[in-house]
Amino acid sequence: MNDEPVLLLDAVGKRFGDVDVLRAVNLEVARGEFLGLIGPNGAGKSTLLRILTGLHQRTNGVCRVFGLDPTQRSLEIRQRCSYLPGETSVYQEMTGAQFLQFAQSFHAASDSARERRLAELFALPLHKRVRSYSAGMKQKLAVLAALSVEADLYLLDEPDRALDATMRMELRAVLVSMREQHKTIVLSSHHLEELSALASRLVFLRKGSFIAASEVADARQRLSRRVRLRLADGAQLPPSARAAQRLGDGSLVIDCDGDPRALLRAIPDVALLAAEVGAERLEDLYGLLYLQGSTPHTEGTLA
Amino acid sequence: MIAQKTFREIRVMALVYTALLFALAAPVIWLWPDIYGDLKGSTLLKNPGFDFLKRIGVGVTDRSEDIAYRNWVAVMLFFRSVNLLGIAASVLLGTALFARERETQTLEFLLSRPVSRGQVLWQKSWPTVLCVLVPIFVVNTSAILLSRSIDMELPFWPLQLANLHGCLFVLAILAFTTFVSARCRVQAHVAFWVGGVVVSQIGIYLIPRLRAYSLFRLSDFDCYGPILAGNLKLPEMFLPWHGSAPSLWLLLGAALFYFLSWRSLRDLEL
């Protein structure tokens, strides 16, 4: 029973009118796994999470959460889930404390220790009405409500939205402790670098499909041959090299076909001010996967 | 908790609505002795432009002051107050039920909680129904006491039957508003559609040849007058084989729109 995946999606698709928002998505999430869902706006992350909670009906495919079909038995699934919607959903006319109590009243149990910790971290004025909160405070309250509930599965749609860098770090600390408690978490985010540090597995969504593991591996391979260098004034690149990009600080980004060290050897020492080879920056990976575009695949993950 | 939250949101409006109902009811009772004399001398009431106004005119100027007073109450407390304020309260409170939650993006939060959509509808509906209907019973029943202060009598049971009928009319409007609210994304759109239907129904009511097709035909003087006079009793109100059964149609209408609301909410994809 414990080996049964918490989430199982087989060729799940979702169509709104003429638009395929999700296309034949396959996914399996094991108990205790922390899955990071990466993708730009409109990639289908929120739709995927809504299908899991039964808020959306899939158009085709098979979907199981705790072995149950969300179309038929969404209530039982929601009893074991804590879902944070992508849009900040808090009642303006309630106080923060009333909203928390309201949100927790639907669930059998709440984790009071985690609630206290989050409340301290977020330093929310819970006695005040939510309408007096800033956008960031409302999001913190929504996150607090979602994470203070004791659940078997946490579906968090961009919990770091509208949070400043400090708050994101604090939220990360809480999520790390939940990961250590082997909570099953599916979290969608735009912040690739932070999610990469948190999640035990990342999946990349693009135009409703997961990007194949092989494509992600190719992109990483390409990044391993990427050179960033700064040349002295007046110095030129060897004729065989062509800069793919010139950065604001004057650095050049070069994607080498062969060994990047050969390129560096071709530049005289006096002309080379700084060089960095193969540093995998996540924003570069994001750029390769999403900005340059390629054929979508129906399955694949990055371990 | 949803019911508690709903009640907390609408309780102030319910109090204001109760106060307005009372504010409309009290003067027409207290001023009745003077008004009765004025009405009997009015030439306008003897020859109005509409046949239903003629019947009202005849009713409220009856030689028997008791009969005239009951007709006056039927017109002022039911045909006017219940229709006017009951519809206003239904539209104001009903539009907010789901469309406002969609506007403020809290509906996704609510529907993703471990509670069925049928429960969400029920727990949002019954406090609203109570807040709209209880004031009608309370204020109109208080008319019995107010009437004694001017030495007039209102019969208790016919008044309660009139209250029941008025409440069913308001309930049907509220159920219709709830249905539209479950379908619309914006609260203003709900108000537009419900307001449009109500205004067009009033328009139809004012056209003599089309009046029979107006919803307001089920909640006008021709309904409340006979109920308060004791001529339309409970079986005639609800059983078609005993009479026109106006209350039954309102009850069925309310049930139909509640069912449609539930179905809309069940199939709703945000």
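Just so it is clear: chains get the letters A, B, ... in the order the sequence lines come, proteins before strands, and each one is counted from 1. As the structure is a prediction and not an experimental result, all values here were calculated from the model.
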B:Leu110 vs A:Phe102 side-chain heavy atoms within contact, under 4.5 Å: yes
Part of A:Val149 within contact of chain B (heavy atom distance under 4.5 Å): neither
Note: A:Arg50-B:Glu108 ion pair, threshold 4.0 Å (strictly below): yes
Side chain / backbone / both / neither for B:Leu268 at chain A, heavy atoms under 4.5 Å: backbone
Shortest non-hydrogen contact from A:His56 toward B:Glu269: ND1-OE1, 3.0 Å
B:Tyr213, OH: over 12 other non-hydrogen atoms inside 6.0 angstrom: no
B:Phe7 atom CZ, over 12 foreign heavy atoms within 6.0 Å: no
Proximity breakdown for B:Gln4 and chain A, heavy-atom pairs closer than 4.5 Å: neither
Gap between atom SG of A:Cys81 and atom CZ of B:Arg113 - 0.5 Å precision: 10.0 Å
Residue B:Arg263 excluded, over 12 heavy atoms near CZ under 6.0 Å: no
Other residues, nucleotides, ligands: >12 heavy atoms within 6.0 Å of A:Gln101 CD: no
Atom CZ of A:Arg168: over 12 foreign heavy atoms under 6.0 Å: yes
pair B:Lys5-A:Met94: side-chain heavy atoms closer than 4.5 Å: yes
Top of B:Asp267, B:Thr104, B:Ile2 for chain A proximity - count of heavy-atom pairs under 4.5 angstrom: B:Ile2
Contacting region of A:Gln79 [heavy-atom separation from chain B under 4.5 Å]: both
Toward chain B, the part of A:Ala103 with a non-hydrogen atom under 4.5 Å: both
Max heavy-atom pair count under 4.5 Å with chain B, selected residue of A:His107, A:Gln92, A:Glu76: A:His107
Plane angle bin for A:Phe106 and B:Phe109 - parallel if under 30°, tilted between 30 and 60°, otherwise perpendicular: perpendicular
Rounded distance [0.5 Å steps], CZ in A:Arg78 versus CG in B:Leu111: 7.5 Å
Shortest non-hydrogen separation from B:Met1 to A:Ser105 and the atoms involved: CG-OG, 3.1 Å
For A:Leu75 against B:Val115, the heavy-atom pair lying closest together: CD1-N, 3.3 Å
Within 6.0 angstrom of B:Arg8 CZ, more than 12 heavy atoms from elsewhere: yes
